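Contents: one structure, followed by commentary.
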2 protein chains.
Amino acid sequence: MTSEDNFSEELEAHLTRNGFIWGPEPEIYDSLAGFYTYGPMGKLLKNKLEDKMSRVFKQEKFYEVEAPIIMPEEVWDASGHLETFVDPMVLCSECEGSYRADKLIEEDYDVVADGFSDEELLEFIDDQDITCPSCGGEFEQDIHDYNLMMETRVAGRESYSRPETATTTYLPFKRYWRFFRKKLPIKVFQIGKAFRNEISPRQHVLRGREFTQAEGQIFVTEEMKHDWDGYDRIRDEEVRLWSAEEQEKEGSPVTMSLEEAVDSGEVTSEGYAWSLYLAWELFRSVGIPEDRMRFREHQEDEKAHYAEDAWDLEVELDSFGWTECCGVHDRGDYDLSQHTEHSPEDLSFKDNHGKEVMPHILEIAFGTDRPTFALLDIFFDEEEERLQIPTHVAPVDVAVFPLVTKDGLPDIAEEVYRQLHERRFDVEYDDSGSIGKRYARQDAKGTALCVTVDYDTKEDDTVTLRERDTSDQVRLNIEDLDGAVQTYLYGDAELRELGEPVE
Amino acid sequence: MTSEDNFSEELEAHLTRNGFIWGPEPEIYDSLAGFYTYGPMGKLLKNKLEDKMSRVFKQEKFYEVEAPIIMPEEVWDASGHLETFVDPMVLCSECEGSYRADKLIEEDYDVVADGFSDEELLEFIDDQDITCPSCGGEFEQDIHDYNLMMETRVAGRESYSRPETATTTYLPFKRYWRFFRKKLPIKVFQIGKAFRNEISPRQHVLRGREFTQAEGQIFVTEEMKHDWDGYDRIRDEEVRLWSAEEQEKEGSPVTMSLEEAVDSGEVTSEGYAWSLYLAWELFRSVGIPEDRMRFREHQEDEKAHYAEDAWDLEVELDSFGWTECCGVHDRGDYDLSQHTEHSPEDLSFKDNHGKEVMPHILEIAFGTDRPTFALLDIFFDEEEERLQIPTHVAPVDVAVFPLVTKDGLPDIAEEVYRQLHERRFDVEYDDSGSIGKRYARQDAKGTALCVTVDYDTKEDDTVTLRERDTSDQVRLNIEDLDGAVQTYLYGDAELRELGEPVE
């Protein structure tokens, strides 16, 4: 979206050293751009995000499903992916390097080239004398269509890994229809892997070839969108909207209530406004600061031809500026109509008046790699080498140390570890090096709290509890620890309220 | 493994109707054998299993990682998968149908054909006059090697989807080595998708082409295996072992303590015995009955050439008899030696005496589809159409109903729903049809408890709590509900201890 790229070596080194993200893999061979491993800390963080986001969906009575990643060709033909899931590629006439034309432009110029026609792309490259980033050569005057899906053969049939979860979530519609007892809206979500053979993967895990997609899909009727069940609850919620019109005249995003957005015609329906709210809530729930979030409306030439309304939730990253992290789409009846046309099944239903109705779909589509990266990017304090991530999404909730590895302290510390583990906290045990070093290591990983078992523990069953950002400590009884940790992580108490201050 | 196949239409229909498992997908097109969708109930159940199993791993201080599914060819060349991950295939001389030779034999005869040579396979087929299951034709006198990996091209490079997670977990060994501060054992696990282009997928989700693998990997030294840190804690635990010798002489599995197994030489090391214990515990923790579990030792010709010790955990299913669900392998130093040989990196380390040490690997390898299916298979009561699954793994912990959809009861029920959701239970809300029908629907899904909000609730803040298997009910106060549900699910109280009995 923007031309910023401040992804620092310090941040990348920090993520590698502290077990967040490794790659591109396979590192020990010749690595393949766009494939990463989440190490122990990265995986804890990513799990936490996916768990919190699942809970937001479930709170709104969405049900999770898990569909296959690989589907045969006819599915992708029907969904339109075979024809339209292509990127415009240009080749260097000298080194034969291939580049995605629109991204090549967007990386250096502050324009949205996503919707450019082939002619417009070539013209822009020509006008601005854009040359090959690798050898400086001129580009061929030709745009190649490059399909992003990864192909494989299964049982002799041409098949593809899904490039997003959407289609695989739509196919069992008739199964949902019966399971949910023939009543709309039907709300389902899916979190799972998707694959895109990006021409030139960039920006770390932000544009990987293998990534985790998370998509909420709501099957509705056209009428329902304009008289939405949960609308009253969210109409007064405020979001930041940057309309296509404001973008055109280089204006700024405007904060407004969802009701204002509906009434002024900025967004097309109550149901769509509710979907925007849900996207906002999903990102806010994992600790993305609201002042780093905005919705940007798709311009006419960006929008899929079937999209009735389309806005992207963007997050402002230190490394890459404003970055698309979620798309909210009113897909109309496009998808189920396509599958009705291409398959032997009719996915419409008869309403109470005997009228045939083809369900529409409202979609909240995002990945979990980007918000995971966003938290690391936003909350890394380079000077202190500390990850000041909100405590409710800290990869490790609480670390447990015995002061020394003798005199029975490790046994007590192990017992504290087990007790916290059983209460479902993410706990780490560390007994190596000085206490100071152990604190520093936990600060680097973003661990919210550290518990130290010392000689006093043997006397009076108390331990110290230390918070990350201030290094302040309190002393409290082991039996109060579960409750104290829980209260602290969710911001319901300050550290000093949880025990006796330690000087 | 055995020739049983009693997978009933009733069970399959039950799983479809109640939103557990749908497929093979894409159902509305021409479906591809071996690909399934977990519907809303199936996904809740599978998540629950994966969550419990993760917690067993974490309790033992394993860390989770997430590595790419797709890796380039040189990785699979080094790991040995390109050469050895092949199935013996026979072709029908009449209809040209292709079949996996060993499974063809095992399905009708009670032998382990897994380790047969090509000649032995052809001889057995010939001797027993085995013909094509589809057309009755004779098979060609030829075994074809059929590689199971799904191939794709990424950035012009030949690549494959992983057929198991193992290799992708091993590759970052040097990263672990630094992150875990150069100290073995290092314990990691990975849960994620894997793909095998099975020649003829059978037995529902038990042998799918796309499936979820879950593998614990422990990097150790040779010496460590024989002086294992956690051995004291598990030496007295009993498991059922069916040794290669007993299998040979058609004897039975023997229940013995792990210490007896080590001392008698049945298993090769303390570390390996601990790995067996962990596998046993993983399956027990999700509610697989112990009397349906046994370890079966690999016979010499089944064992991978590098395997120092190999036993399978088998579970007895009503549908398919004894079924391999987990493999526990001492892989020696095979894997890291191979990657040291094929990559530019040396994955050995120098010990305190300056000696070069190549780490060994102990592996607990299983999938989560099989235990998920196992619970559905074992606990489905066909007559009552009730899923009598252990309450701590019930897909829905508790369902909430308003008695009627008026007089403010739905608002109270919604509030109870929210309260239980916030306490992290899996909750379902249902307000459609008679209470009797709603109970029956929940019984079919295996829901542990049902809460009904009725007119008394408005008077005294009490609700009814009903248990699945007896239909018994008690009345209790809404504010005691969280604690009551928690206690009940984990078997720490009987229903009648939780409130006043309802006649």
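Owing to the predicted nature of the structure, the values given are computational and were not obtained by experimental measurement. Sequence lines set the chain letters: A, B, ... in the order given, protein chains first and strands last, and positions in each chain run from 1.
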Counting only heavy atoms closer than 4.5 Å, note whether [X] contacts chain B via side chain, backbone, both or neither.
{"X": "Y38(A)", "answer": "both"}
{"X": "F35(A)", "answer": "both"}
{"X": "E210(A)", "answer": "side chain"}
{"X": "R441(A)", "answer": "side chain"}
{"X": "T212(A)", "answer": "side chain"}
{"X": "R424(A)", "answer": "both"}
{"X": "E414(A)", "answer": "side chain"}
{"X": "D51(A)", "answer": "side chain"}

For each of [options], tally heavy-atom pairs with chain A at distances under 4.5 Å, and name the one with the top tally.
{"options": "E345(B), K174(B), R17(B)", "result": "E345(B)"}
{"options": "S31(B), P172(B), G433(B)", "result": "P172(B)"}
{"options": "L347(B), D30(B), I199(B), L171(B)", "result": "D30(B)"}
{"options": "T168(B), T16(B), N197(B), I28(B)", "result": "I28(B)"}
{"options": "G42(B), G34(B), A155(B), S161(B)", "result": "A155(B)"}
{"options": "R157(B), R178(B), K193(B)", "result": "R157(B)"}

With a 4.0 Å cut-off on N to O distance, would you call [X] and [Y] a salt bridge?
{"X": "R55(B)", "Y": "E422(A)", "value": "no"}
{"X": "K46(A)", "Y": "E64(B)", "value": "no"}
{"X": "E428(B)", "Y": "K58(A)", "value": "no"}

_Residue pair R209(B), I70(A): steps toward the side-chain contact (heavy atoms from CB on, under 4.5 Å) verdict_ = CA-CA 9 Å; R209(B) 283 174 163 141; I70(A) 291 181; over 6 Å; no

Chain B interface, residue from [options] that has the most non-hydrogen pairs under 4.5 Å:
{"options": "R181(A), Q190(A), R418(A), M41(A)", "answer": "R181(A)"}
{"options": "E198(A), Q59(A), K183(A)", "answer": "Q59(A)"}
{"options": "N47(A), V75(A), V65(A)", "answer": "V65(A)"}
{"options": "L44(A), D426(A), N18(A)", "answer": "N18(A)"}
{"options": "F195(A), Y29(A), F173(A), F180(A)", "answer": "Y29(A)"}

*How about D229(B): does its CG atom have over 12 heavy atoms from other parts shown lying under 6.0 Å from it?*
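No, because the 6.0 Å sphere around CG of D229(B) holds 12 heavy atoms or fewer from other groups.
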
*Does a sphere of radius 6.0 Å around CD in E96(A) hold more than 12 heavy atoms from other residues, nucleotides or ligands, not counting ones at 6.0 Å or beyond?*
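Incorrect, the count does not exceed 12.
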
*Between the side chain of T152(B) and the main-chain N/O of E151(A), is any donor-acceptor distance below 3.5 Å?*
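Indeed, once roles are kept as given, a pair shorter than 3.5 Å links the two residues.
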
*Show the numbers, then the answer: is there a side-chain contact (heavy atoms from CB on, under 4.5 Å) between T37(A) and E66(B)?*
CA-CA 6 Å; T37(A) 291; E66(B) 180 181 317; over 6 Å; no

*Side chain, backbone, both or neither: which part of D430(B) has a non-hydrogen atom closer than 4.5 Å to chain A?*
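Interface part for D430(B): side chain.
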
_Cation-aromatic face contact K61(A)/Y429(B), 6.0 Å, 45 degrees_ =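 K61(A) over Y429(B) ring: yes.
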
*To the nearest 0.5 angstrom, please state how far the OG atom of S54(B) sits from the NZ atom of K43(A).*
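That separation rounds to 8.5 Å.
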
*Step-by-step side-chain contact (heavy atoms from CB on, under 4.5 Å) determination, Y176(A) to W22(B)*: CA-CA 10 Å; Y176(A) 303 139; W22(B) 298 324; 3.6 Å; yes

